[in-house]
Amino acid sequence: MGPHPAVAAIRLAVRRVLHDILNDHLASSAHPAPQPAAARPDRTAERPPSPLVLVACSGGADSMALASALAFEAPKLGVRAGGVTVDHGLQPGSDLRADEVVLRLRGLGLDPVESVAVTVGRAGGPEAAARDARYAALDAAAERHGAAAVLLGHTRDDQAETVLLGLARGSGIRSLSGMAAVSGAGGRYRRPFLQLDRQTARKACMVQSLPVWDDPHNADPAYTRSRLRHEGLPALEKALGKGVVEALARTAQLSRDDADALDAWARQAEASVRDAAGLLECAKLYALPPAVRRRILRRAAIEAGAPAGALFARHIEEVDRLITGWRGQGAINLPGKVVAQRQGGRLVIRQG
């Protein structure tokens, strides 16, 4: 008799991602950086060492289900599996909770396992600041252990929430594309559960008798995502039916495909709208479709020093008006002390 359907689903999702990681690892190992003759070992080519995959685990149902599936699937594929839990220090006893998660991960057979304490700042609000601190800690852990990838437990429900948050910000199709299945430098972060719902992960923990921790912040109405999860999405499902989460997740994938295509178009078009000195020519920019033109403007602003996370649609719209609604207006101030202005039919974006 096979495993419970929920357990089978999480294991299959992780198995597919591990196969991708293995293929990437073998491909990179097949083309190592050249070494001087004296440094080359006097033996035939060796099999590359097995990659290490870490799971980021808070102790909640999603990440515990992910950790259990990784622990089950990794040995069968010759992959080393470890885990990291991040102590944000935002609640009393958070250090003890982190220690418990470490014990649970070790109990699953993961190694190495560690807890990392971080200090959460205030930039961008509490949720964004915690996320920034968490990813910085995970990046450092991956570097420290030489991990090929870090698995994250985001589910289809998380994806739906992300799409709705992007819609509320009005920040364009890239925001509506939600979370990528593969992201980060070199494809470090992998999200195996984006096609699975939250209930499947919780059920998998229950049938495997895995203890889980429910973060009180996830039910705190002070947090935007919590309000959306407990009030917004249920209201949408009541009004529109039970398929809302699946539809939003599907929208994310379609939006991502469209955004990727437009980004590629913008990269190809950029060279054609620059003059010999590398300045952007307003007449040529004007001839481009708005979606392509604004991507070029955004890239130019970021290259000039504007922080990507602080550069919103309204900023790009103001710069765009220097091209499409030129009436002699002055310079546009952008985040990062970057200034955009029109000079002699050219658009100049530089540090102010």
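Keep in mind it's a predicted model, so treat the numbers as computed, not measured. All residue numbers in this chain count up from 1 along the given sequence.
Of all heavy-atom pairs between Pro51 and Val79, the closest is O-CG1, 3.5 Å. Contact between Gly330 and Leu322 at its shortest, heavy atoms only, is O-CD2, 3.9 Å. Nearest heavy atoms, Ala129 versus Gly121: CB-O, 3.2 Å. The shortest non-hydrogen separation linking Val292 to Ala269 is CG1-CB, 4.2 Å. Shortest non-hydrogen contact noted between Cys205 and Met64 is SG-CB, 4.0 Å. What you find for Ser58 and Ser63 is that their closest heavy atoms are N-OG, 3.1 Å.
For the residue pair Gln199 and Asp157, no side-chain donor N or O sits within less than 3.5 Å of a side-chain acceptor on the partner. Side-chain atoms of Arg188 and Ser183 form no donor-acceptor pair, as typed in the model, at a separation below 3.5 Å. Using modelled atom types and a 3.5 Å distance limit, the side chains of Ser115 and Asp87 yield no donor-acceptor pair. Side-chain atoms of Gln91 and Arg97 include no donor-acceptor pair closer than 3.5 Å.
For the pair Leu194 and Thr155, the minimum side-chain heavy-atom distance is 4.5 Å or more. In this structure, the side chains of Asp275 and Lys284 stay at 4.5 Å or more apart for every pair of heavy atoms. Within the 4.5 Å cutoff, the side chain of Leu66 has heavy atoms near those of the Pro192 side chain. By the 4.5 Å heavy-atom criterion applied to side chains, Arg190 and Val53 are not counted as neighbours. His88 places a side-chain heavy atom less than 4.5 Å from the side chain of Arg134. Between His154 and Phe193, the closest side-chain pair of non-hydrogen atoms is not below 4.5 Å. The closest side-chain heavy-atom distance from Arg346 to Cys282 is not below 4.5 Å. The shortest distance between side-chain heavy atoms of Val339 and Leu334 does not fall below 4.5 Å.
Rounded to the nearest 0.5 angstrom, Cys57 SG and Leu151 CG are separated by 11.0 Å. Distance check: Ile349 CD1 to Arg298 CZ gives 12.0 Å after rounding to the nearest 0.5 Å. To the nearest 0.5 Å, atoms CG (Leu280) and CD1 (Ile323) are separated by 7.5 Å. To the nearest 0.5 Å, atoms CG (Leu311) and CZ (Arg299) are separated by 13.0 Å. Note that the CD atom of Glu237 and the NZ atom of Lys242 stand 4.5 Å from one another [nearest 0.5 Å]. From Arg229, atom CZ reaches atom CG of Leu233 across 9.0 Å, with rounding to the nearest 0.5 Å.
A donor-acceptor pair is defined here as one N or O able to donate and one able to accept, closer than 3.5 Å; no such pair exists between the side chain of Ser177 and the backbone of Ser255. In terms of modelled atom types and a separation under 3.5 Å, the side chain of His145 and the main chain of Ala147 share no donor-acceptor contact. The backbone N or O of Gln329 lies less than 3.5 Å from no partner atom in the side chain of Gln341, so there is not a single donor-acceptor pair. Panel note: side chain Asp320, backbone Ile316; no donor-acceptor pair is recorded below 3.5 Å. For the pair Arg274 (side chain) and Leu279 (backbone), a donor-acceptor distance under 3.5 Å is absent.
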Apply salt bridge (charged side-chain N to carboxylate O under 4.0 Å, His left out) to the pair Asp62 and Arg202, showing each step before the final yes or no.
CA-CA 7 Å; Asp62 301 342; Arg202 186 168 289 275; over 6 Å; no
Before giving the answer on side chain to side chain contact (heavy atoms under 4.5 Å, CB included), spell out for Thr324 and Arg293 the whole-Å C-alpha distance, their side-chain angles and the decisive distance to 0.1 Å.
CA-CA 11 Å; Thr324 62; Arg293 181 175 62 244; 3.3 Å; yes
Is there a salt bridge (charged side-chain N to carboxylate O under 4.0 Å, His left out) between Asp197 and Lys203? Walk through the geometry before answering.
CA-CA 10 Å; Asp197 61 34; Lys203 185 69 174 179; over 6 Å; no
Do Leu108 and Leu210 pass the side chain to side chain contact (heavy atoms under 4.5 Å, CB included) test, and can you show the C-alpha distance, the side-chain angles, and the key distance before you say yes or no?
CA-CA 10 Å; Leu108 290 171; Leu210 292 175; 4.0 Å; yes
Apply side chain to side chain contact (heavy atoms under 4.5 Å, CB included) to Val319 and Leu347, showing your working.
CA-CA 9 Å; Val319 177; Leu347 185 68; 3.9 Å; yes
Could you walk me through whether Leu152 and Tyr135 pass side chain to side chain contact (heavy atoms under 4.5 Å, CB included), step by step?
CA-CA 11 Å; Leu152 305 175; Tyr135 277 101; 3.5 Å; yes
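Hydrophobic cluster membership differs between Phe72 and Leu196, with clusters built from Ile, Leu, Val, Met, Phe, Trp and Tyr side chains linked at under 4.5 angstrom. Note on Leu297 and Ile302: same hydrophobic cluster, where clusters join Ile, Leu, Val, Met, Phe, Trp and Tyr whose side-chain heavy atoms are under 4.5 Å apart, directly or indirectly. Both Leu22 and Leu70 are members of a single hydrophobic cluster when ILVMFWY side chains are connected at heavy-atom separations under 4.5 Å. Side-chain heavy atoms closer than 4.5 Å link hydrophobic residues (I, L, V, M, F, W, Y) into clusters, and following such links, even through other members, never connects Leu164 to Tyr223. The hydrophobic cluster containing Leu240 also contains Val163, counting ILVMFWY residues as joined when their side-chain heavy atoms lie under 4.5 angstrom apart, directly or transitively.
Of the residues listed (Ile10, Leu12, Leu18), the one engaging Val14 in a side-chain contact (heavy atoms from CB on, under 4.5 Å) is Leu18, and it is the only one. A side-chain hydrogen bond (donor to acceptor under 3.5 Å, both in side chains) with Ser68 is found for one member of Arg104, Glu73, Gln208 and no other, namely Gln208.
Of the charged side-chain nitrogens involved, at least one lies within less than 4.0 Å of a carboxylate oxygen, so that Asp260 and Arg174 count as a salt-bridged pair. Salt-bridge annotation for Asp158 and Arg198: present, with a side-chain N of the basic residue lying under 4.0 Å from a carboxylate O of the acidic one.
Relative to the ring axis of Trp265, Arg295 does not place its NZ or CZ within 45° and under 6.0 Å from the centre.
Other residues, nucleotides and ligands contribute at most 12 non-hydrogen atoms within 6.0 Å of the NZ atom of Lys238. For CD of Glu114, the number of neighbouring non-hydrogen atoms (other residues, nucleotides, ligands) closer than 6.0 Å is greater than 12. Other residues, nucleotides and ligands contribute only 12 or fewer heavy atoms inside 6.0 Å of the CZ atom of Arg16.
Residues passing the ring-ring contact (aromatic ring centres under 6.0 Å, His included) test with Tyr286: none are found, sequence neighbours excluded.
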